[in-house]
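Inspection log for the structure reproduced underneath, given as structure tokens.
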Amino acid sequence: MRNLIEVQDFVKKYDKFVAVNNVTFEVEEGTIFAFLGPNGAGKSTTINTLCTILEKTSGRLAIDNKDLSHEKDAVRRAIGVVFQESTLDNKMTVHENLIMHCHFYGVPKGEAAKRIDFVLELVGMQNWKRKIVSGLSGGMKRRVEIARSLLHYPKVLFLDEPTTGLDPQTRAHIWDYIVKLQKEKKVTIFLTTHYMEEAEISNKVAIMDAGKIVALDTPRGLKQKYTKDIANIATSNEEALETALNKAEFDYTKKFGYYSIDATSLPKLMEIIGELRASITDLEIKKGTLNDVFLAITGKDIRE
Amino acid sequence: MNIIVALWLRNLKLFIRNRVQLITLIVMPFFFLYIFSAIFKNESITNPVNYMLAGIVIATVFQASLTMGTSTIEDIVSGFMKEVLVSPVKRIQVAVGQLISAATIASLQGIIILFFGFLIGFRVNSWITPFAVIGFMIIVGLVFSGLGLFIATLVKDSQTFQIINTAISMPLTFLSGAYVPLSILPNILRFVAYLNPMTYATAFFRTIILEKTSLTIDELIEQQLAFKIGDFVITPLISMVFVLVFGFIFLILASYVFGKVDFSKINRTRNKEEEIW
């Protein structure tokens with residue numbers, strides 16, 4: 001697979017404030033790449049620069065081998081963008097919005113009608129074609145926006161916080177569409193989010209903090225590297241449990257009647273649990289999340 | 001070209017869909033017609049109602065085209081401009097689309113008033129006159145939508161624009177001779193009126209719509225269609241040239257500023273600076 005997005009030593013400054021500080025990464029064709037980080041980490045600046053809205057301060061950025069500073073038009077044709085805030089034309093119908101987009105990107109007339117039906121079906125909005133946008137719910141608007149961004153068959157789709165402000169059910173739907181797009185249409189997807197659990201569907205996750213990429217790996221790789229499983233056990237025979245844990249060299253703390261154990265080796269722990277099962281009154285095994293990864297790397301919670 | 005036509009159609013649709021606005025736009029001028037034609041009765045003007053109607057039509061075109069800057073601001077604030085920015089569309093195409101639609105909508109309003117004027121007895125003799133009238137309305141529409149777009153792009157904020165719009169359009173209309181004859185103005189205000197592009201637009205428009213092109217200079221001055229400043233007489237033709245010069249300046253300014261402005265920093269969350277980063 002070739003790299004569709006290439007970013008090297010990218011720096012963006014606003015006057016003296018350094019919003020993005022020397023960032024380098026690549027995105028492979030056909031994959032989902034997530035930018036993760038708290039507000040103000042530099043995610044939007046990066047995405048806006050990749051969308052040709054902002055000018056870089058220095059570095060080299062290319063999409064589909066086209067340089068962002070010199071081949072803006074070619075880059076713009078190759079990308080689709082869904083911004084954090086709606087950019088739909090509120091007083092026009094869904095259909096009129098989509099037609100306008102076709103005009104902007106020079107989609108041929110005969111082709112436009114076909115594509116509009118196709119993308120609306122993709123996001124399940126075919127019955128809302130003639131409705132004025134301002135009357136749609138937030139989730140519907142987002143779906144229309146995703147549909148619109150696909151009309152010119154972009155190679156890369158940029159999604160800036162695609163689910164912020166939506167209810168959990170709609171959020172799940174939006175993610176279904178996104179995964180479907182990647183699987184069926186082979187669209188490369190670049191997204192930013194601050195919902196950790198949502199980044200799990202990505203092939204690669206870059207964690208950003210204070211303008212720098214502090215970690216870049218697959219979600220599984222990140223979790224393996226930066227988090228550990230925790231087992232919480234409550235028992236009626238504390239002595240037996242403590243002896244067994246000490247013998248197997250598990251680190252643990254005790255709070256609120258529960259033993260919180262660093263489960264460095266699950267098989268070994270399972271053995272202990274098996275032996276003591278008669279005395280164990282409660283058991284919980286917690287897998288590491290990307291939130292824990294963020295916590296481990298930056299020392300702070302992402303939602304602070 | 002396609003894009004300009006698409007934008008033009010869109011803005012036209014938006015205008016027609018806004019029923020309330022449409023009705024107000026039709027009703028308002030007739031209040032003015034009723035009130036102000038009384039003032040002109042005391043002047044040496046042959047048909048005060050027609051004279052006033054002509055003034056109202058051109059003033060409406062002027063105000064409408066200036067106000068159309070609001071729709072540009074709405075497009076900026078609603079985020080629609082951002083969608084345009086990431087597309088391969090050239091900014092100048094967007095600017096031209098906005099200007100042409102503003103001019104069209106402004107002229108449409110002028111035509112609507114003329115139509116009602118026709119119903120209450122306004123007539124022209126030559127078949128050329130309607131074409132000349134519509135042609136000039138479009139020119140005036142373009143000139144002042146250029147000014148509107150220029151201001152809109154500078155302020156980028158609906159409320160500020162409304163204030164500036166009123167602050168500009170009120171004095172320019174009242175010091176143009178459209179509603180109030182210049183001859184009753186004090187000298188200082190009359191001097192200001194001579195600096196006002198609308199004065200010349202109004203004079204030229206009245207000359208063609210009232211079919212006064214064959215009048216002598218003295219008659220034109222008497223009917224306030226030409227102006228004598230010192231020894232220099234501004235004939236309707238010179239007025240037309242002035243309008244074009246002003247228009248040229250406004251359009252250049254508008255397209256320059258529109259091409260330069262950074263729309264990415266304007267959005268609903270612009271108060272929270274960190275959101276931009």
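Chain identifiers are assigned alphabetically (A, B, ...) following the order of the sequence lines, protein sequences preceding nucleic acid strands; residue numbering begins at 1 within each chain. Note that these values count all heavy atoms, side chains included, but never hydrogens, waters or copies made by symmetry.
For M92(A), the parts sitting under 4.5 Å from any heavy atom of chain B are the backbone and the side chain alike. At a 4.5 Å heavy-atom cutoff, the contact between H101(A) and chain B is made by backbone and side-chain atoms alike. With a threshold of 4.5 angstrom between heavy atoms, I132(A) approaches chain B through side-chain atoms but not through N, CA, C or O. For L7(B), the parts lying near chain A are the backbone and the side chain together; criterion is any non-hydrogen pair under 4.5 Å. Both the backbone and the side chain of F104(A) have a heavy atom closer than 4.5 Å to some heavy atom of chain B.
For the pair R60(A) and F10(A), the cation-pi criterion (under 6.0 Å, within 45° of the ring axis) is not fulfilled. Relative to the six-membered ring of Y153(A), R77(A) misses at least one condition, a distance below 6.0 Å or an angle of at most 45° to the axis.
Between chain B and the residues E96(A), H152(A), K72(A), the most heavy-atom pairs under 4.5 angstrom are made by E96(A).
Under 4.0 Å is where a charged nitrogen must lie from a carboxylate oxygen, and between E145(A) and K82(B) no such pair does.
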Working for ring-ring contact (aromatic ring centres under 6.0 Å, His included), residues F25(A) and F35(A): CA-CA 11 Å; F25(A) 63 89; F35(A) 245 49; 5.2 Å; yes
Can you check salt bridge (charged side-chain N to carboxylate O under 4.0 Å, His left out) on K43(A) and D209(A), steps first, answer last? CA-CA 9 Å; K43(A) 291 173 297 170; D209(A) 190 41; over 6 Å; no
